[in-house]
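Hydrogens, waters and symmetry mates play no part in the numbers below; they use all other heavy atoms, side chains included. Bear in mind the structure is a predicted one, so any value in this text is a computation, not a measurement.
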Amino acid sequence: VCLMGAHTLGRAHKNRSGEGAASTSHTKAGPGRTKGGSSWTKEWLVFDNSYFKELLQEEGDPELLRMGIDEALAEDKHFRVWVEKYAADQAAFFEDYAQAHEKMSELGAKFDPEEGVELDEERL
């Protein structure tokens with residue numbers, strides 16, 4: 001759950017991930033050449049606990065991205081405990097995130113297939 005908080009940063013682009021809108025009021029201005037896409041939070045260049053706060057909103061911003069996994073975090077009673085904790089306590093989120101990110105970075109990652117995958121543009 002903690003690592004999902006990284007979605008406080010960044011966006012998804014439909015032509016790369018198959019998810020999101022071409023642009024929203026939160027992402028249309030950029031920065032630089034990277035305008036557009038859909039973000040999980042309004043301030044998608046700020047690392048904070050807003051991802052978790054947004055998940056708890058009953059009537060969330062319709063322009064913000066919500067995937068099935070995001071909904072599951074808010075709806076599942078075992079995950080929601082953590083969502084509520086991190087929404088209420090940014091320092092706890094930062095501390096847990098730092099530990100989880102460090103562990104993930106030290107363990108590394110293996111990709112299968114090694115060359116990655118490509119989306120079929122015609123199916124998007």
Side-chain angles (χ1 to χ4, degrees):
V1 174
C2 184
L3 289 173
M4 287 293 289
H7 281 146
T8 193
L9 296 174
R11 301 154 294 158
H13 291 269
K14 190 166 184 76
N15 65 338
R16 297 179 196 155
S17 68
E19 299 289 341
S23 184
T24 71
S25 63
H26 307 300
T27 63
K28 66 182 178 185
R33 297 180 296 178
T34 62
K35 296 169 179 37
S38 291
S39 59
W40 285 266
T41 63
K42 295 173 186 170
E43 298 292 330
W44 53 272
L45 293 173
V46 177
F47 189 74
D48 59 15
N49 64 340
S50 60
Y51 170 75
F52 299 108
K53 290 180 178 182
E54 290 292 343
L55 289 180
L56 296 176
Q57 297 299 313
E58 293 293 326
E59 298 285 328
D61 184 330
E63 288 193 305
L64 295 179
L65 186 59
R66 281 267 181 104
M67 295 182 180
I69 186 66
D70 303 311
E71 296 294 339
L73 293 179
E75 293 170 5
D76 181 275
K77 66 180 183 180
H78 302 290
F79 294 145
R80 188 176 176 95
V81 171
W82 294 99
V83 172
E84 290 173 347
K85 175 183 177 178
Y86 297 141
D89 188 345
Q90 182 166 273
F93 166 56
F94 284 174
E95 183 177 332
D96 290 355
Y97 184 89
Q99 291 175 14
H101 191 104
E102 180 181 30
K103 184 174 183 178
M104 181 182 68
S105 298
E106 289 172 351
L107 292 174
K110 293 182 182 177
F111 296 95
D112 185 20
E114 288 186 22
E115 65 277 3
V117 297
E118 292 185 21
L119 295 175
D120 182 351
E121 296 276 339
E122 292 178 17
R123 295 181 68 189
L124 296 180

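- The local environment of NZ in K28 is sparse, with at most 12 non-hydrogen atoms from other residues, nucleotides or ligands closer than 6.0 Å.
- Residues F47 and L55 share a single hydrophobic cluster, defined by chaining ILVMFWY side chains whose heavy atoms lie under 4.5 Å apart.
- The two residues D96 and C2 have their closest heavy-atom pair at C-SG, 3.4 Å.
- The shortest heavy-atom contact between H13 and K35 is CE1-O, 3.8 Å.
- When all heavy atoms of S38 and A21 are compared, the closest pair comes out as OG-N, 2.6 Å.
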task: Before giving the answer on side-chain hydrogen bond (donor to acceptor under 3.5 Å, both in side chains), spell out for S50 and T8 the whole-Å C-alpha distance, their side-chain angles and the decisive distance to 0.1 Å.
output: CA-CA 6 Å; S50 60; T8 193; 3.1 Å; yes
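- The closest side-chain heavy-atom distance from E54 to K42 is below 4.5 Å.
- Residues F94 and L45 fall into different hydrophobic clusters, defined by Ile, Leu, Val, Met, Phe, Trp and Tyr side chains chained together at heavy-atom separations under 4.5 Å.
- Between M4 and D70 the shortest side-chain heavy-atom distance falls below 4.5 Å.
- Cluster annotation: I69 is connected to L56 through the hydrophobic network of ILVMFWY side chains, with a link wherever side-chain heavy atoms come within less than 4.5 Å.
- Each of V46 and W40 belongs to its own hydrophobic cluster when Ile, Leu, Val, Met, Phe, Trp and Tyr are linked at side-chain heavy-atom distances under 4.5 angstrom.
- Within a 6.0 Å radius of CH2 in W44, more than 12 heavy atoms belonging to other residues, nucleotides or ligands are found.
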